[in-house]
Engineer: 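One structure is given below, represented as structure tokens, and several questions about it will come after.
Here is the naming used below: chain letters follow the sequence lines, and residue numbers restart at 1 for every chain. Note: hydrogens, waters and symmetry copies are ignored here, and every other heavy atom, side chains too, is used.
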Number of protein chains: 2
Amino acid sequence: MEEGRALMSFAALSQETRLHIVRMLVVAGPDGMAAGAVAEKAGVSPSNVSFHLKELERAGLINQQRESRSIIYTANYEGLGALIRFLMEDCCAGHPEICAPAAEVAACCAPSPEESLQ
Amino acid sequence: MEEGRALMSFAALSQETRLHIVRMLVVAGPDGMAAGAVAEKAGVSPSNVSFHLKELERAGLINQQRESRSIIYTANYEGLGALIRFLMEDCCAGHPEICAPAAEVAACCAPSPEESLQ
DNA sequence: TCCATATTTCTACAATCCTTGAAATGTTGA
DNA sequence: TCAACATTTCAAGGATTGTAGAAATATGGA
């Protein structure tokens with residue numbers, strides 16, 4: 001991930017409403033949510049949610065696609081993963097002191113491929 | 001990590017000079033760097049570097065300590081690690097699609113305790 | 001075609017952030 | 001005590017960002 005994109009991503013996540021939106025969309029999964037639903041759940045006006053959604057998309061953290069009258073937004077897993085990786089290897093230079101705690105999280109949320117059944 | 005601190009951390013990292021400073025301090029390791037050295041290496045004025053260092057400290061990403069006339073800044077490994085963890089578990093809800101790539105990085109930069117010799 | 005729905009774009013304004021240079025603070029050694 | 005050094009604080013200005021509401025765009029159905 002290039003630095004410019006990382007800077008945009010950090011800026012995108014540094015705003016409360018936008019951080020909430022990302023969380024909501026991650027939880028919503030591949031089905032995503034329509035802009036209106038996001039606005040309602042986040043408690044902001046349609047025009048305001050549109051402003052923030054655009055910012056998040058510009059940063060590569062969410063995706064959009066039209067579905068009839070609605071526009072459906074989904075979390076961009078690739079973008080979010082790339083940002084975490086940037087933070088670990090580019091920014092923190094892979095320092096074990098920093099990355100070790102993250103490794104624990106990774107270990108418990110990402111079961112190894114062959115035993116991902118339970 | 002509470003949300004407010006995460007927001008501050010993201011804001012802190014969303015500025016080019018500050019991102020560079022964090023990188024420099026991570027690389028510098030436990031010895032850290034004096035404010036003046038940071039300013040010179042980052043190519044900004046003393047007062048400007050002071051402004052950014054304060055912001056980074058407020059966010060909990062760096063530490064400071066006076067050493068004679070100089071003030072030595074060091075990366076705050078705990079703070080940086082906590083931010084990565086926040087991004088993985090709180091923000092991204094531990095989604096394997098997002099965290100798996102991070103797990104690879106973690107695996108290669110954090111050797112298991114009993115074989116950290118080579 | 002016309003209307004209702006869903007969303008975005010535009011405009012204006014307030015708030016925050018970044019930069020700059022000057023002045024202030026704290027530290028050391030003569 | 002005084003001068004030099006390292007850094008921070010302050011004040012001012014310009015730039016960027018966030019918010020609100022009105023107007024515009026796109027879609028689908030009567």
Engineer: Relative to the 5' end of DNA chain D, which residue comes earlier, B:Q64 or A:T17, by the nucleotide with the nearest heavy atom?
Structural biologist: B:Q64
Engineer: Would B:E57 and B:K54 pass as an ion pair if we require N to O under 4.0 Å?
Structural biologist: no
Engineer: Reckon A:Y73 has a side-chain N or O less than 4.0 Å from the OP1 or OP2 of C:dA6?
Structural biologist: no
Engineer: From the list C:dT5, C:dT27, C:dC18, which nucleotide is the closest neighbour of the side chain of A:R69?
Structural biologist: C:dT5
Engineer: Please give me the minimum heavy-atom distance between A:L7 and B:L13, naming the atom from each residue.
Structural biologist: CD2-O, 3.5 Å
Engineer: I would like to know whether A:M8 and A:E55 meet side-chain contact (heavy atoms from CB on, under 4.5 Å); could you show each step before the answer?
Structural biologist: CA-CA 9 Å; A:M8 280 201 295; A:E55 204 66 14; over 6 Å; no
Engineer: How many angstroms lie between CD1 in B:I98 and CG in A:N76, if you round to the nearest 0.5 Å?
Structural biologist: 9.0 Å
Engineer: Any chance CD of A:E40 has more than 12 other-residue heavy atoms, nucleotides or ligands included, within less than 6.0 Å?
Structural biologist: no
Engineer: Check the hydrophobic clustering (I, L, V, M, F, W, Y; side-chain heavy atoms under 4.5 Å; chains of links allowed) and say if A:I72 and A:V38 are grouped together.
Structural biologist: no
Engineer: With heavy atoms under 4.0 Å as the rule, sort A:S68 into base, sugar-phosphate or nothing.
Structural biologist: sugar-phosphate
Engineer: Do A:E2 and A:R5 pass the salt bridge (Lys or Arg N to Asp or Glu O under 4.0 Å) test, and can you show the C-alpha distance, the side-chain angles, and the key distance before you say yes or no?
Structural biologist: CA-CA 6 Å; A:E2 58 180 312; A:R5 175 150 295 244; 5.1 Å; no
Engineer: Can any side-chain N or O of A:S50 pair as donor or acceptor with the backbone N or O of A:P46 at less than 3.5 Å?
Structural biologist: no
Engineer: Specify the separation, in whole Å, of atom CD of B:E16 and atom C1' of C:dC18.
Structural biologist: 13 Å
Engineer: Does A:E78 CD have over 12 foreign heavy atoms under 6.0 Å away?
Structural biologist: no
Engineer: Roughly, in whole Å, what's the span from CD in A:Q65 to C1' in C:dT7?
Structural biologist: 15 Å
Engineer: Check each residue of residues 25-49 of chain A for a non-hydrogen atom within less than 4.0 Å of any atom in DNA chain C, then write out the ones that pass by number, or none.
Structural biologist: A:A34, A:A35, A:G36, A:P46, A:S47
Engineer: Where along residues 51-58 of chain B does a heavy atom come under 4.0 Å from DNA chain C, residue by residue in number order?
Structural biologist: B:F51, B:H52
Engineer: Atom CZ of A:R66 and atom C1' of C:dT7: how far apart are they, to the nearest Å?
Structural biologist: 7 Å
Engineer: Of all the nucleotides listed (C:dG26, C:dT8, C:dC18), which has the minimum atom distance to the side chain of B:Q15?
Structural biologist: C:dC18
Engineer: Identify the 5'-most and 3'-most nucleotides of DNA chain D with at least one atom closer than 4.0 Å to a non-hydrogen atom of chain A.
Structural biologist: D:dG18 to D:dG28
Engineer: Say you draw a straight line from CG of B:L56 to CD of B:Q64; how long is it, rounded to the nearest 0.5 Å?
Structural biologist: 11.5 Å
Engineer: Just verifying a value: how many Å separate B:C91 SG and A:L80 CG, rounded to the nearest 0.5 Å?
Structural biologist: 6.0 Å
